[in-house]
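All remarks here apply to the structure that follows.
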Amino acid sequence: MVQLSRLGPALALAAVTVLLLGGGTARVAPSTAAAGVAGTTAGVQVIGGPRTEDIERIVDILTQDLGLPLPAGTRVHVYTTREAFRRGLVKDAAMGEEGADELAAFAIGIARPGRALLNGRLAGGGGEWLRLVAHELTHVAQFELAGGEGRAEQWLAEGMAEHVAFQALERLDEGSLAMHRRVALVRVQRQPAFAHGRLDLSTLGSPRDFTLRHQREGSVETYHLTFLLADYLIERHGFGAMVEYFSRLKRQPSEAAFLSAFGDSIATFETQALAHLRSVTAETRQN
């Protein structure tokens, strides 16, 4: 597996989506999707790749339905092969050659402020492609809310991005949030830390530590865990509190922003969330 310690700081701050499925299609000319944000319009430019209407639909859901901001001039780069994706990481994300080589071996998407870079092997369509677009554009919105990257708890950034992605799929009749929740409650039981009765959120807090753990403990299972943590917060406090947390990161460190937005410290939430997830997963085993 790729070890993040061998990569440069650019990767340490990147929001990455891991490889789940594959496919491939041809490149087309750039296009622009209109994204309405709080009564304004931000241009989202799609550079390379077909099915730009899918990206436009996701942009509309994120900005108009969910109220997430995408900065003016946001770019979505779509690459048709892993090698093209690797070159794009160097050219369009200013990543070193070694870091790009290793990241391209396991990732299908990366978000940076104002841009998302996607491996177009998924560009043939379907729910996984839509999930990827929504996930990475949610990270772009998080960076915009927070005033930069690397300021949030990474487990919460990934969990929110997954939650938003499945909200988008549900609005597009391509998936069900409730169904994903049921699947996650089954799969999370295979996540090693959770299976041993702990979450260890402090070692999922930074992008570097998050990548090390999901590679070591299972990417799919760890992403299911982050989804369920975000889902629990949204159930208790509403989606608006999630947006508030990221907005507060412009002026507060993560611990203080979390307490202000959700009313509990991260440590208190961890205890409550572990008890909640153990209870609901026990119910799934009985049913």
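All values below were derived from every heavy atom in this structure, side-chain atoms included, with hydrogens, water molecules and symmetry-related copies excluded. Since this is a predicted model, take the numbers as computed values, not measurements.
Comment: D60 does not engage R57 in a salt bridge, judged by the lack of any side-chain N to carboxylate O separation of less than 4.0 angstrom.
Side chains of E153 and S254: a donor on one and an acceptor on the other come within 3.5 Å.
Remark: R115 pairs with no residue by the side-chain hydrogen bond (donor to acceptor under 3.5 Å, both in side chains) rule, at least two apart or across chains. In this structure, the ring-ring contact (aromatic ring centres under 6.0 Å, His included) partners of H224, at least two apart in sequence or on a different chain, are H180. Considering only residues two or more places apart in sequence or on other chains, S247 meets the side-chain hydrogen bond (donor to acceptor under 3.5 Å, both in side chains) condition with none of them. In this structure S265 satisfies the side-chain hydrogen bond (donor to acceptor under 3.5 Å, both in side chains) test together with T268, sequence neighbours excluded.
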Exercise answer: donor-acceptor pairs, residues 170-179 side-chain atoms, under 3.5 Å, sequence neighbours excluded:
unit_1 : atom_1 : unit_2 : atom_2 : d
E170   : OE2    : L177   : N      : 2.9
S176   : OG     : A178   : N      : 3.3
S176   : OG     : M179   : N      : 3.0

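Using a 4.5 Å cut-off between side-chain heavy atoms of Ile, Leu, Val, Met, Phe, Trp and Tyr, with links allowed through other members, W155 and L259 fall into different hydrophobic clusters.
Side-chain contact between L204 and T222 is present, with at least one heavy-atom pair separated by less than 4.5 Å. Taking 4.5 Å as the limit, some side-chain heavy atom of F258 sits within range of a side-chain heavy atom of L156.
Heavy atoms of other residues, nucleotides or ligands lying less than 6.0 angstrom from CZ of R181 number more than 12.
Listed by first and then second residue, the salt bridge (Lys or Arg N to Asp or Glu O under 4.0 Å) pairs involving residues 254-278 are R236-D264 (not counting sequence neighbours).
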